[in-house]
Chemist: 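Structure provided below as structure tokens; questions to follow.
Worth saying up front: this structure is predicted, and the values here are computed from it rather than measured. Numbers here simply count residues along the sequence, with the first being 1. When reading the values below, keep in mind they use all heavy atoms of this one structure, side chains included, and skip hydrogens, waters and symmetry mates.
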Amino acid sequence: MHSTEHTHASRHSHHPDHSHAHSHDACCATHPSTEASRPAAAVPPGALLLRIPQMDCLVEEGQIRQALAPFKQVRGLIFDLPARTLAVEAPEGNWHAVIDAIKGMGFGVEKLSAPPSAEQIAQSQRHQLLRLTAALFIAVLAELCHFLAPAGMVWQLVGMAAALAAIALSGLGVFQKGLAALWRGHLNINALMSVAVSGAFIIGQWPEAAMVMALYALAELIEARAVERARNAVAGLLSLSPPQAEIRQPNGSWLAMDAQHVTVGAVARVRPGERFALDGIISAGVSAVDQSPVTGESIPVDKGPGDTVFAGTVNQSGALEFVVSKPANDTLLARIIHAVEEAQGQRAPTQRFVDKFAAIYTPAVFVLALAVAIGFPLLAGWPWLDAIYRALVLLVIACPCALVISTPVTVVSGLAAAARRGILIKGGVYLEQARHLKVLALDKTGTLTQGKPQLVAHRLLVTAQPEGEILSLARSLALRSDHPVSKALADGLQVPSTEVQAFGAKIGKGVFGNVGGRRYTLGNHRWLHEQGLCSPQIEVLMQEHEALGRSVSVLADDTQALALFAVADTIKPDSRQAIVQLKALGIHPVMLTGDNATTAQAIAAQLDIDEVRASLLPEDKLQAVHELQAAHGPLGMVGDGINDSPSLAAAHIGYSMGATGTDAAKEAADILIMNDDLRRVAETIRLSKKTHAVLWQNISMALGIKAVFFVLAIFGDATMWMAVFADMGASLLVVFNGLRLLRGVK
């Protein structure tokens with residue numbers, strides 16, 4: 001079995017490096033790491049819980065991650081931006097150093113004993129909004145004093161006092177963090193805003209300085225909430241799983257218990273209309289279950305004793321009892337959420353490009369602003385105050401907020417949209433690269449087909465005996481055998497069975513037994529020949545079925561063949577449409593199977609797959625993957641078995657069936673199809689194309705808007721008002737454009 005680490009390492013030749021490096025301080029937003037923002041209630045026992053009042057945006061999260069990156073003892077960081085809390089998983093001996101490192105970034109730190117309640121968080125957010133609204137109102141008063149009040153020192157002092165009050169209410173935290181960043185020699189958004197607002201106030205533009213800071217803080221709040229919506233889109237699935245489950249007690253009564261405390265093996269009950277709180281196996285009852293939150297299936301699935309149920313799914317009709325199979329923290333729903341949180345930490349190629357660009361871009365614009373402030377008065381004769389003001393406007397425009405935030409919100413929205421459709425993508429790199437696929441290698445059994453044989457045809461070969469009697473004889477013999485073909489035959493014949501005497505089996509041939517004093521055999525083609533009962537007519541019939549890849553069994557007595565039965569692994573209902581969709585996207589499908597060539601060609605013909613490679617051992621499949629990559633380019637591999645794991649790991653992108661796939665296949669794969677619907681592969685590729693398009697729309701909008709205002713700032717009449725609207729307006733524009741991906745694609 002391939003471990004996750006080995007699997008990823010084995011693909012480094014195909015994928016760009018997707019390390020968990022932290023964003024540069026120059027970025028206005030950072031990307032979620034392995035532990036994405038999630039409710040503070042999820043704080044692990046023994047973790048250090050801190051409240052950081054100035055931490056209300058992804059930029060602060062990124063700065064703190066960078067500050068704590070050198071601490072090897074820190075096992076995890078759990079941010080809750082709305083609550084402004086951080087849980088640090090680290091030994092207690094390191095807590096003091098962790099707190100000092102955060103304070104060194106210019107943040108205030110308070111140690112908490114318990115996470116704040118939902119009401120406390122809501123109250124804090126209301127206070128923040130009220131404070132910013134008051135700051136905006138006072139900034140407007142400062143503007144009115146500047147334009148409408150009579151000339152004189154008194155009114156000027158009143159206006160300046162109002163401007164200072166507005167800046168203090170809205171931007172005190174910005175100044176604290178900005179000065180700390182400047183002290184460390186880092187040019188981030190807080191540093192740029194601190195310099196710009198201070199400079200504007202000093203040169204007499206205090207009304208504008210106040211308004212810019214108030215608008216910036218208000219827009220930043222809106223932006224943070226919008227980004228948090230994308231970050232929590234998948235974590236919101238947790239609310240689908242009820243906190244309590246009804247558990248049978250030793251005395252036979254039922255008691256509602258906290259799902260977190262329910263042990264594996266307990267018997268739970270779910271009434272019609274209720275959600276399952278835990279994973280389990282049905283022990284009593286029959287019902288239809290809506291599995292769309294977990295698998296994306298739109299049609300409810302009929303469930304009965306022995307069937308698996310998942311936390312977060314909805315029981316629709318009859319009451320069900322089930323045996324709990326997984327603890328609350330290990331349900332399929334919990335694992336989906338955890339896997340997507342991990343995926344959010346793997347930055348896509350476009351994200352890494354933007355990070356590198358922003359790290360160069362921000363200092364370059366700072367140097368440009370300095371050149372405008374000094375160079376134009378000396379070389380072009382501009383007034384010094386005019387040149388300084390334009391340079392300050394450039395600083396506000398220079399913030400790479402919109403540019404950098406455009407990538408994580410877009411990628412996370414795409415990951416969330418896929419998860420809602422039952423497609424679990426293990427990293428943004430795979431979401432973005434799926435659009436490059438040129439060829440798709442598909443395993444046959446369990447991927448294109450159902451993975452288990454079914455009775456697909458039967459035919460009576462005599463007319464002297466009633467059909468019901470002959471079919472009953474065949475089913476009676478088949479029921480006594482453990483062979484998969486016999487089981488399929490027995491399941492497919494809906495007739496009563498009868499008692500079989502002197503039952504026996506011949507390995508590689510079939511079974512025999514006595515019914516009503518007569519001996520009957522149920523065997524394969526070779527055994528029928530050995531008994532001398534295979535006529536030319538029967539031979540033709542058997543060859544017709546075998547040409548279609550079917551296993552043929554014949555019921556016979558001592559003198560003649562009585563009936564013929566054909567068993568085959570049938571294709572899945574969605575496989576034909578999936579192949580059509582893949583071809584429409586320009587992808588070449590290839591079947592790779594360990595089955596014999598006749599069966600493989602028969603299945604391929606039904607699905608219109610032109611290229612088939614059969615009778616492959618696992619090493620042969622791996623070789624075929626390398627050959628197809630060399631011939632066609634980027635390759636995706638879809639499989640579900642242990643034998644597919646090497647090929648899944650070697651492919652550019654590996655897809656595994658999430659429901660029927662083995663653990664080895666799921667570990668090796670980059671993308672899991674939770675409901676085993678092969679059409680989801682094409683949907684992933686379409687989502688990848690849409691994600692890429694939105695990414696470059698956002699990058700183009702961010703750079704385009706900044707370019708226009710750059711020109712206006714230097715040669716036109718751009719003001720700081722216009723600059724802040726250009727910066728924050730572009731940021732909000734790209735955020736909401738990225739959020740469109742939450743709707744997914746069809």
Chemist: What heavy-atom pair brings Phe276 and Leu320 nearest, and what distance separates the two atoms?
Modeler: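 Nearest heavy atoms, Phe276 then Leu320: CZ-CD1, 3.7 Å.
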Chemist: Without swapping roles, check the side chain of Asn315 against the backbone of Val270 for a donor-acceptor pair under 3.5 Å.
Modeler: yes
Chemist: Would you say Phe322 and Val324 make side-chain contact, with heavy atoms under 4.5 Å?
Modeler: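 Yes, side chains in contact.
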Chemist: Can you measure from OH (Tyr655) to OG1 (Thr447) and round to the nearest 0.5 angstrom?
Modeler: 13.5 Å
Chemist: Hey, mind stepping through Asp279 and Phe310 against side-chain contact (heavy atoms from CB on, under 4.5 Å) and telling me if it holds?
Modeler: CA-CA 4 Å; Asp279 288 2; Phe310 306 113; 3.8 Å; yes
Chemist: If you measure from the Lys or Arg side-chain nitrogens to the Asp or Glu carboxylate oxygens, is any gap between Asp443 and Lys621 under 4.0 Å?
Modeler: yes
Chemist: For the CD atom of Gln697 and the CG atom of Leu733, what is their distance to the nearest 0.5 Å?
Modeler: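 The distance works out to 10.0 Å.
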Chemist: Could you measure the distance from the CZ atom of Arg421 to the CD1 atom of Ile673? Nearest 0.5 Å is fine.
Modeler: 11.0 Å
Chemist: Looking at Lys583 and Asp608, would you say the former's side chain and the latter's main chain have a donor-acceptor pair under 3.5 Å?
Modeler: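 Yes.
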Chemist: Atom CD of Gln606 and atom CD of Gln601: how far apart are they, to the nearest 0.5 Å?
Modeler: 12.0 Å
Chemist: For Thr593 and Thr599: C-alpha separation, side-chain torsions, deciding distance, then whether side-chain contact (heavy atoms from CB on, under 4.5 Å) applies.
Modeler: CA-CA 10 Å; Thr593 179; Thr599 301; over 6 Å; no
Chemist: Could you tell me whether the side chain of Arg613 and the main chain of Leu592 form a donor-acceptor pair under 3.5 Å?
Modeler: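 No; zero donor-acceptor contacts below 3.5 Å.
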Chemist: On a heavy-atom basis, which atom in Ala259 and which in Ala277 lie closest, and how many Å separate them?
Modeler: CB-CB, 4.2 Å
Chemist: Using a 4.5 Å cut-off on heavy atoms from C-beta on, say whether the side chain of Thr410 contacts that of Thr691.
Modeler: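 Yes, at least one pair of side-chain atoms sits under 4.5 Å.
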Chemist: Within a strict 4.5 Å, meaning less than it, do heavy atoms of the Ile685 and Leu582 side chains meet?
Modeler: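 Of all side-chain heavy-atom pairs linking Leu582 with Ile685, at least one is under 4.5 Å.
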Chemist: So does Gln450 get a backbone contact from the side chain of Asp569, meaning a donor-acceptor N/O pair under 3.5 Å?
Modeler: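 Yes, the answer is positive, given that a donor and an acceptor are paired below the 3.5 Å cut-off.
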Chemist: Using side chain to side chain donor-acceptor pair (under 3.5 Å), reason through Gln623 and Glu619 one step at a time and then give a plain yes or no.
Modeler: CA-CA 6 Å; Gln623 180 61 32; Glu619 55 268 30; over 6 Å; no
Chemist: Taking the side chain from Ser688 and the backbone from Arg435, do they hold a donor-acceptor pair closer than 3.5 Å?
Modeler: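 Checked: pair present.
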Chemist: Would you please name every residue forming a side-chain hydrogen bond (donor to acceptor under 3.5 Å, both in side chains) with Gln577, sequence neighbours left out?
Modeler: Arg679
Chemist: Show your reasoning for whether side-chain contact (heavy atoms from CB on, under 4.5 Å) applies to Lys572 and Asp676.
Modeler: CA-CA 10 Å; Lys572 292 180 178 179; Asp676 292 0; 3.8 Å; yes
Chemist: Tell me the closest heavy-atom pair linking Ala600 and Ala614, and the distance in Å.
Modeler: CB-CB, 3.9 Å
Chemist: Supply the atom-to-atom distance Asp670 CG to Leu648 CG, rounded to the nearest 0.5 angstrom.
Modeler: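 Going from the CG atom of Asp670 to the CG atom of Leu648 covers 8.5 Å.
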Chemist: Strictly distance-based, threshold 3.5 Å: is any side-chain N or O of His652 a donor or acceptor partner for the main-chain N or O of Gly636?
Modeler: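 Checking the backbone N and O of Gly636 against the side chain of His652, no donor-acceptor pair under 3.5 Å is found.
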Chemist: Can a donor-acceptor pair be found, under 3.5 Å and without considering hydrogens, that links the side chain of Ser575 to the backbone of Leu448?
Modeler: yes
Chemist: Please give me the minimum heavy-atom distance between Arg740 and Asn737, naming the atom from each residue.
Modeler: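 Closest pair (atom of Arg740, atom of Asn737, distance): NE-OD1, 2.7 Å.
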Chemist: For Lys444, does its backbone N or O pair with a side-chain atom of Thr449 as donor and acceptor, under 3.5 Å?
Modeler: yes
Chemist: Run the ring pair (Phe, Tyr, Trp, His ring centres under 6.0 Å) test against His436 and tell me which residues pass, sequence neighbours left out.
Modeler: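 Partners of His436 under the ring pair (Phe, Tyr, Trp, His ring centres under 6.0 Å) test: none.
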Chemist: Compare every heavy atom of Val694 with every heavy atom of Gly738, then report the nearest pair and how far apart it is.
Modeler: CA-CG1, 4.0 Å
Chemist: Evaluate the criterion side-chain contact (heavy atoms from CB on, under 4.5 Å) for residue pair Gln629 and Val439; output intermediate values, then yes/no.
Modeler: CA-CA 8 Å; Gln629 286 172 332; Val439 59; 6.0 Å; no
Chemist: Can you name the closest pair of heavy atoms from Pro327 and Leu278 and give their distance?
Modeler: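 Reported closest heavy-atom pair: C-CD2, 4.2 Å.
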Chemist: Quick check: do Lys438 and His588 have side-chain heavy atoms less than 4.5 Å from each other?
Modeler: no
Chemist: Under 4.5 Å between any side-chain heavy atoms of Ile671 and Ile423, yes or no?
Modeler: yes
Chemist: Using atom types as modelled and distance alone, determine if a side-chain donor or acceptor of Asp574 lies under 3.5 Å from a backbone N or O of Asp677.
Modeler: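 Not at all, since once roles are kept as given, no pair shorter than 3.5 Å links the two residues.
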Chemist: Between Asp307 and Gly304 (side chain of the first, backbone of the second, donor and acceptor by atom type, cut-off under 3.5 Å), is there such a pair?
Modeler: yes
Chemist: Hey, what do you get for CG (Leu431) to CG (Leu695), rounding to the nearest 0.5 Å?
Modeler: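 The distance works out to 8.0 Å.
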